[in-house]
Amino acid sequence: MPDELRDEESYLAARAEQFAARMESEGVSRKKLLQLVGGALPLLVGGNRLAAAGPAAAQTSPGPPIRKPLPPEWFVPFGTNAETRWDSLAEVGYEVPNDRFFVRNHTATPMIDPDTWRLRVFGGGLKLRPGSGDSVEFSLRDLKRLRSKKLTAFIECAGNGRSFFASQQGTPASGTQWALGAVGVAEWRGVPLSDVLDRARITKDAVDVLPQGLDSNVLSGGVDMGKVRRPLPVAKALDDVLLAYEMNGAPLPPDHGFPVRLVVPGWVGIASIKWLGQIEVSTQPLFSPWNTTSYRMFGPDYPTDSPPLTNQPVKSALELARGAVLPLGRRTTLTGRAWSGSAPIRRVEVSTDRGATWAEAKIYGGNRPGAWTRWRFKFEPSKPGPSEIWTRATDEDGRTQPPSVSFNTFGYLYSAVVRHPIDVH
Ligand SMILES: Nc1nc2c(c(=O)[nH]1)N[C@H]1C(S)=C(S)[C@@H](COP(=O)(O)O)O[C@H]1N2
Ligand SMILES: [Mo]
């Protein structure tokens, strides 16, 4: 485990211990303390011993930040994150298999006991039955008893493609230097969030919900940001959001949110909270670092009050290693995928002469909004040496990939045409 992480854990554990000890000296038992603060004092729940006293114990004990194997032919590792290599998708079908799916962890994958796990729904936007306490709890069995739904959707990090701000536009953006592999499509199965909120008796006055993960608190520059959580407007929450407990027909793997995660179709990945522990339902707008100081556009070309990010823009990628060697004078079939957070894909174009001319690729297979479509393109390289392949997708709403995009500090939503280097000989 990297030292930063170990430090983070011991720091959190120490802080939580200190706090619990102080409260105990004031006559508040640990159990009572946890009931009192619930999720409102996120610092506490990050501490190992306190968390263990809670109903949904998340073991943040020593372990690698990512649990699944990360073979180099499938992944590019980035500390607590791992990018899927696009060339490894050439061999696979519409969905990305769970063992190849990219991972984006703010801290580390927690190991959660599904038998003691509970989803706690609470807040002023619920009309709780008299005498039933201040929240509604669902066990995994409760959720599995509800009508389940399948949803094929991508999860894509807002920062997917960030490295191209540096390599194509000369303005490096801070954050994980992903190429295009921080995206994957899976078939999710679970319960519509709207059904769960209905059962929790959400009221017409509710405006925001705040799903929160059970992973360790996030420390940023020495500041404790609490648990990963990001408000979601009720309109989206009641529309097409899924509480997923299955991914491609298997229980969610630990790295992807076991036992239950949110899947928020079309939106930036941060909305799809993993290791879901609680959801606050509020009649007031809610805020967290993930919709205020990050996951919004900052930079010279953006207003200071630009809104929290929602839908992903349109993108395309080749199922080919960067710098791949293509045989001279021999016909090759280039394959790839294209996606948009808002609409199906209308067209994919390919340029093999650095944008001078474009030709249309053949789209095949599924093509749904919030997922992707696959495409192929026949190409016979006729000039030896280094070259580039450019791809450009357009969605049914007419959104397309521009030659460049305005810089933003955190390098979100890089949707410009990506220049894919090849070598012909
Ligand atoms: N609890 C929790 N949820 C989370 C995160 C996290 O660190 N903790 N990362 C988010 C981000 S930034 C992304 S891009 C997606 C990644 O999902 P994946 O790891 O299953 O690919 O999960 C989101 N949900
Ligand atoms: Mo992300």
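Worth saying up front: this structure is predicted, and the values here are computed from it rather than measured. Whatever order the structure lists ligands and atoms in, that order sets their numbers, starting from 1.
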For this session: Within a distance under 4.0 Å of any heavy atom of Trp275, pick out the atoms of ligand 1 and give their elements.
Result: 1 (N), 2 (C), 8 (N)

Problem set entry | Numbering as shown, the atoms of ligand 1 that approach His256 to under 4.0 Å (heavy-atom distance) | 18 (P), 19 (O), 20 (O), 21 (O)

Problem set entry | Validation row, ring centre Trp178 to ring centre Tyr414 under 6.0 Å | no

Problem set entry | Main-chain N/O of Phe410 paired with Arg162 side-chain donor or acceptor, under 3.5 Å | yes

Problem set entry | Polar side-chain atom of Lys68 near backbone of Phe101 as donor-acceptor pair, under 3.5 Å | yes

Exercise. Between the side chain of Arg201 and the main-chain N/O of Arg199, is any donor-acceptor distance below 3.5 Å?
Worked result: no

For this session: State whether Glu246 and Arg261 are salt-bridged, where the test is any N-O pair (Lys NZ or Arg NE/NH1/NH2 against Asp/Glu carboxylate O) under 4.0 Å.
Result: no

For this session: Apply ring-ring contact (aromatic ring centres under 6.0 Å, His included) to the pair Trp188 and Tyr245, showing each step before the final yes or no.
Result: CA-CA 8 Å; Trp188 311 94; Tyr245 47 73; over 10 Å; no

Exercise. Near Val103, which atoms of ligand 1 are under 4.0 Å from a heavy atom of that residue?
Worked result: 19 (O)

Exercise. Can you find a pair of side-chain heavy atoms, one from Pro403 and one from Val417, that are under 4.5 Å apart?
Worked result: no

For this session: List the steps and the verdict of salt bridge (Lys or Arg N to Asp or Glu O under 4.0 Å) for Glu73 and Arg85.
Result: CA-CA 7 Å; Glu73 63 276 22; Arg85 294 175 58 122; over 6 Å; no

Exercise. Which atoms from ligand 1 have a heavy atom of Cys157 less than 4.0 Å away?
Worked result: 14 (S)

For this session: Answer yes or no: does an N/O atom from Arg104 fall short of 3.5 Å to an N/O atom of ligand 1?
Result: yes

Problem set entry | Protein contact to atom 15 (C) of ligand 1 [nearest heavy atom, distance to 0.1 Å] | Gly269 O, 3.6 Å

Problem set entry | Min N/O separation Phe102 to ligand 1 under 3.5 Å | yes

Exercise. Between Ser306 (side chain) and Met297 (backbone), is there a donor-acceptor pair under 3.5 Å?
Worked result: yes

For this session: Please could you name the atoms of ligand 1 that Ser272 approaches to less than 4.0 Å, counting only its heavy atoms?
Result: 22 (O), 23 (C), 24 (N)

Exercise. Looking just at side-chain N and O atoms, do Asn105 and Thr80 make a donor-acceptor pair shorter than 3.5 Å?
Worked result: no

Exercise. Short list, please: which atoms of ligand 1 are under 4.0 Å from a heavy atom of Asp215?
Worked result: 1 (N), 2 (C), 6 (C), 7 (O), 8 (N)

For this session: If you have a sec, work out which protein heavy atom is nearest atom 4 (C) of ligand 1 and how many Å separate them, to one decimal?
Result: Lys274 N, 3.7 Å

Seminar exercise, completed: A student checking ligand 1 against Tyr295 at a 4.0 Å heavy-atom cut-off should list atoms 12 (S)

Problem set entry | ligand 1-proximal atoms of Arg261, by part, heavy-atom distance under 4.0 Å | side chain

Exercise. Would you say His106 and ligand 1 have an N/O pair spaced under 3.5 Å apart?
Worked result: yes

For this session: May I ask whether Gln212 places a heavy atom under 4.0 Å from ligand 1?
Result: no

Problem set entry | Those atoms of ligand 1 less than 4.0 Å from some heavy atom in Asn105 | 7 (O)

